[in-house]
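Written below as structure tokens is the structure these notes are about.
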There are 2 protein chains.
Amino acid sequence: MYSINQLFSFVDAEIKNSYKKREPQQLYLPIDYSMSVGGKRIRPILCLMACNLFTDDIEQAIKPAVGLETFHNFTLLHDDIMDKADVRRNQPTVHKKWNENTAILSGDAMLIAAYNYFLDLKPQILASVLPIFNQTALEVCEGQQYDMDFENQLFVEESAYLEMIREKTAVLLAAALKIGAIIGGANENDSRLIYQFGINMGLAFQLQDDYLDTFGDEATFGKRIGGDILENKKTFLLINALKKAPNSIKPFLEKKIEDSKKIKMVTEIYRDLEIDKLTQNKIFDYYKKAQTSLSEINIDEDKKLELTNFLNQLKSRIA
Amino acid sequence: MYSINQLFSFVDAEIKNSYKKREPQQLYLPIDYSMSVGGKRIRPILCLMACNLFTDDIEQAIKPAVGLETFHNFTLLHDDIMDKADVRRNQPTVHKKWNENTAILSGDAMLIAAYNYFLDLKPQILASVLPIFNQTALEVCEGQQYDMDFENQLFVEESAYLEMIREKTAVLLAAALKIGAIIGGANENDSRLIYQFGINMGLAFQLQDDYLDTFGDEATFGKRIGGDILENKKTFLLINALKKAPNSIKPFLEKKIEDSKKIKMVTEIYRDLEIDKLTQNKIFDYYKKAQTSLSEINIDEDKKLELTNFLNQLKSRIA
């Protein structure tokens, strides 16, 4: 079994300088920039870990893994234009460093380039992997659209919110795992189980982000606490608070006020309504479901160690 | 052999209402709009004609043909954002009718959706067709980038210009033909020849557009004459005029003046320098090369009739 560090270095070696010298530079330099700004490479590493569950020879999965990372970085690039975000990973975003047209077109090229990484697969494997990638890519766009739609909606159902984060975050993690598993030779049932593992892990992970944005520790979370509250973002927390809050408090929760006192007040309301516990329970539910799917995969338990560790590390963000 | 009208109706039936009822509507309605605004469906029809050269059963090629049209419409959608174009085919562009974020994200979804149309192909055919589509898609982005780069360059080489229009226009026509031929069972040599046919036809077609923008007839060309001259667009005409013009005239040709008198004056300069004849000769050269490639394809001449007619119809725009 390969360690996460080893997998990381395979991914990095494949990414390095792929676009640096390609012409026209105005098209490819932003792609190189966006791919090398870094990140945790979670999706390609999950893809390789899943492949490694079923085979020792993970070579075939490295390029598709990088294709998934390329797709993920493409979504960040275009999302940053739509969100008018100036900074990503402490660096200027592509549309800030260059301009908006460059960011649109380089993003398009990046999305197309993501498909390139699948083309060396054997025809039969390509034919089973590509529909998964393609449906996932479309679902990620749908998730982003729902996310934007929700900004203009007064009320969002919990089920609609969960479906949005499933599409926006969970499906790509799940697809990375399933694609890796298929390339590694997994059967249909195990591929289905690892996809379920990914969906539940992804939902837990995103709800944790919601939770930590209010109840996290600024130093370890890495973002300013309370951003969602200030923006009145319809997260799992706010959606449930609006369900449980007495009518007298609802208008305050619904109102957008740019005042740092609001963070403290809303956090207190959330605690009074036990939204923290409700969210924690939901998160642990999803982690448990993920654990169950993993345990049902029909391979030696010791091979699952890396994925179990990975899951526990994610989980520990909240402890 | 199917007639162009029959092929058109196959394409239209496949396109019709594909996205109308899909959720989220804000994502899919702009795709439906952009696909149904119309157009001549040149790429899918070429794809089906090429397939029909080699087989009577063109059913398998219909979806990929629509995939090519979907990709083409995606490029128009994103190009219109970059060009800040308000109108396309007499209708408001997507970013005008909705907004820019919607146009970016719906365009992305449309690009992904284009790939969906290839997924029903048999694995071996998918594996030979997809790399062609993918490389072509990337080249189209490169062509668009060069086109934008040229706006900020004082001087553009003729060879660089021809390479730009090859990528921006010709490769997608050529790929449509080659993909159709491969699905129809063409061998490697015939696929290569039909690709060459497409490249030369595409170059001729684009140079004709350049020519007609200055020397065309407003009623039949369908666009205002002289737009390129007013914008100082570095077309084949201007590039060659700058090579042939005496030094005293060059600054006038290079200067951007928003004055309708400029159209008449530059047109006269072009005639004096015989740029019209030079361009016509180049166009006929490319049409001749296309004709030669077509004649070398190893099938009965009577099967080539539809494609020959198609080529002659394009050619007749200039007669």
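Model, not experiment: these values are computed from the prediction. Chain A is the first sequence line, chain B the second, and so forth, proteins listed ahead of strands; every chain is numbered from 1. FYI, side chains are in, hydrogens and waters are out, and symmetry mates aren't considered; it's all heavy atoms of this structure.
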Quick check: do [X] and [Y] have side-chain heavy atoms less than 4.5 Å from each other?
| X | Y | answer |
| --- | --- | --- |
| Tyr115(A) | Leu111(B) | no |
| Pro123(A) | Leu126(B) | no |
| Gln144(B) | Asp108(A) | no |

Checklist entry - Judged by modelled atom types alone, do Glu142(A) and Tyr28(B) share a side-chain donor-acceptor pair under 3.5 Å? => result yes

[atom1]/[X]: more than 12 non-hydrogen atoms of other groups inside 6.0 Å:
| X | atom1 | answer |
| --- | --- | --- |
| Glu188(B) | CD | no |
| Glu158(A) | CD | yes |
| Glu157(B) | CD | no |
| Gln135(A) | CD | no |
| Gln153(A) | CD | yes |

What part of [X] gets within 4.5 angstrom of chain A, counting heavy atoms only: side chain, backbone, both, or neither?
| X | answer |
| --- | --- |
| Leu27(B) | both |
| Phe133(B) | neither |
| Leu138(B) | both |
| Asp149(B) | side chain |
| Glu100(B) | side chain |

Checklist entry - Picking from Gln26(A), Gln145(A), Met148(A), Gln124(A), which has the most non-hydrogen pairs under 4.5 angstrom with chain B? => result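 Of Gln26(A), Gln145(A), Met148(A), Gln124(A), Gln145(A) has the most heavy-atom pairs under 4.5 Å with chain B.
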
Checklist entry - Looking at Ser106(A), Ala127(A), Gly107(A), which makes the most heavy-atom pairs under 4.5 Å with chain B? => result Ala127(A)

From [X] [atom1] over to [Y] [atom2], what is the distance, rounded to the nearest 0.5 angstrom?
| X | Y | atom1 | atom2 | result |
| --- | --- | --- | --- | --- |
| Ile112(B) | Glu139(A) | CD1 | CD | 10.5 Å |
| Ile81(A) | Ile104(B) | CD1 | CD1 | 4.5 Å |
| Asn101(A) | Lys84(B) | CG | NZ | 5.5 Å |
| His78(A) | His78(B) | NE2 | NE2 | 6.0 Å |

Checklist entry - Between Phe74(A) and chain B, which part of the residue has a heavy atom less than 4.5 Å away: side chain, backbone, both or neither? => result side chain

Item to check | Partner chain A: residue of Leu119(B), Leu105(B), Val140(B) with the largest heavy-atom pair count (under 4.5 Å) | outcome: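 Maximum pair count with chain A is reached by Leu105(B).
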
